[in-house]
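One structure below.
So that the names make sense, note that chain A is the first sequence line, chain B the second, and so on, each numbered from 1.
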Protein chains: 2
Amino acid sequence: MQFSFRMPVAVQILLCIAKFDGVFKMTSTFLASSVNVNPVIIRKTLGQLKAAGLVEVAAGVGGAKLLRPPQDITLREVFQAVEEDVDLFHIQENPNPQCPVGRNIQQVLGARLSVVKDNMLADFARVTLADLLADIDSAEQKHC
Amino acid sequence: MQFSFRMPVAVQILLCIAKFDGVFKMTSTFLASSVNVNPVIIRKTLGQLKAAGLVEVAAGVGGAKLLRPPQDITLREVFQAVEEDVDLFHIQENPNPQCPVGRNIQQVLGARLSVVKDNMLADFARVTLADLLADIDSAEQKHC
DNA sequence: GCTCATTGTGATACATGGTATTACAATGAG
DNA sequence: CTCATTGTAATACCATGTATCACAATGAGC
């Protein structure tokens, strides 16, 4: 099991916008060449980020901008913008009610797993785009 | 994105074995009727649990047993027994090396996400089969 | 040694979801 | 009005998860 590309793609889009705002126009074609995916994927992802209130996209003329400063945007928001909010885990829906394990598994295991999911979201909430931009800058310096 | 049924199914199998050991013979057909999936799914899952050293399965005559007490088996082991150990997250493999974001995204975001994954596994490691058995018993008492 | 319920496993089928791509109407600055 | 661009529908393809059938191998008990 793996998460899809979507969240990493969304993060890369947002980082590019943050880093190149005012320098280049952030069109879906430009972003597509940084991420190396099809421009339509970028446009769909930008649509989700727009719906989440993270960016604005200029229809017609093109170009995307952040609506909030990078230090105010967390991975949690990005994740929730692009991933369906279904349960992360998936417990068999029709266990046997005759069996004491079957008739309680959903409640018992579900409670444990929802803690795990909450912790994951809390971890995401601790990382901002500004953190990642700083990480990138320090990685760049090491290369030079 | 969702995890598959596999881990919850494996947990339910192990709980049934723990609860009914010595009372019923734990064949794949019996377990399939508690979990309500095809017996072949049970046999495949038991095969993974056997490979992980959690259970033994009597070929021929049938029946599965735990190889360790429930308080020594954590959700982490169960999870890792049945889920491929690929990266939980999936970062675009060929970002544009010309772009400062593209050429660092894997390292930078990958480092952050591997922390999230480690935390998730640590959460799993804190829950044992014995905990779940106790949860089930207390849920059963409330129903009576 | 035979029987028979059971396991282990390969093959197949099907549904779902992610990704890539084409096409085109709608948009809006210049 | 023009034209680069966005938004979106349609389509295709592949990978993965799940269900199911079939059958050889197993091994306890008679």
Could you go through A:K65 and A:V55, starting from their C-alpha distance and side-chain angles, then the distance that decides it, and tell me whether this counts as side-chain contact (heavy atoms from CB on, under 4.5 Å)?
CA-CA 5 Å; A:K65 290 189 185 306; A:V55 301; over 6 Å; no

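- With a cut-off of 3.5 Å on both pairing distances, the Watson-Crick or G-U wobble partner of C:dG30 is D:dC1.
- Checking the phosphate oxygens (OP1, OP2) of C:dG8, a side-chain nitrogen or oxygen of B:K50 falls inside 4.0 Å.
- For B:Q92 and C:dT19, the CD to C1' distance is 10 Å, given to the nearest whole Å.
- For B:M7 and D:dG17, the CE to P distance is 15 Å, given to the nearest whole Å.
- The shortest side-chain heavy-atom distance between A:L14 and A:L66 falls under the 4.5 Å cut-off.
- Remark: P of D:dA4 and CE of A:M26 are 19 Å apart, rounded to the nearest angstrom.
- Using a 4.0 Å cut-off between charged nitrogen and carboxylate oxygen, A:K117 and B:D123 do not count as a salt-bridge pair.
- Spacing between atom CG of A:L49 and atom P of D:dG7 amounts to 11 Å, rounded to whole angstrom units.
- Between the P atom of D:dT18 and the CD1 atom of B:I42 lies a distance of 12 Å, rounded to the nearest Å.
- A straight line from CD of A:Q48 to P of D:dT6 spans 16 Å, rounded to a whole angstrom.
- Each of D:dA28, C:dT27, C:dT9 was ranked by its minimum atom distance to the side chain of B:V61; first place goes to D:dA28.
- Side-chain proximity of B:V40 to C:dT7, C:dA23, D:dC21: nearest is D:dC21.
- Between the side chain of A:N119 and the main chain of A:V116, no donor-acceptor pair closer than 3.5 Å is present.
- Using a 4.0 Å cut-off, some side-chain N or O of A:R6 falls inside it from OP1 or OP2 of C:dG18.
- Taking atom CZ of residue B:R43 and atom P of nucleotide D:dA25, one finds them 16 Å apart after rounding to whole Å.
- Nearest to the side-chain atoms of B:F5 among the listed nucleotides C:dT6, D:dA28, D:dT18 stands D:dT18.
- Taking the side chain of B:N38 as heavy atoms from C-beta on, and the options D:dA10, D:dT5, D:dA19, the nearest nucleotide is D:dA19.
- Among the heavy atoms of the strands lying under 4.0 Å from B:G60 is at least one base atom, whether or not backbone atoms are also near.
- Nearest heavy-atom pair across B:P8 and A:H90 is CG-O, 3.2 Å.
- Whole-Å rounding puts the B:K44 NZ to D:dT18 P distance at 11 Å.
- When distances are taken from the side chain of B:I41 to each of D:dT5, C:dA20, D:dT20, the shortest belongs to D:dT20.
- Remark: B:S28 is in phosphate contact with C:dT7, judged by side-chain N or O atoms under 4.0 Å from OP1 or OP2.
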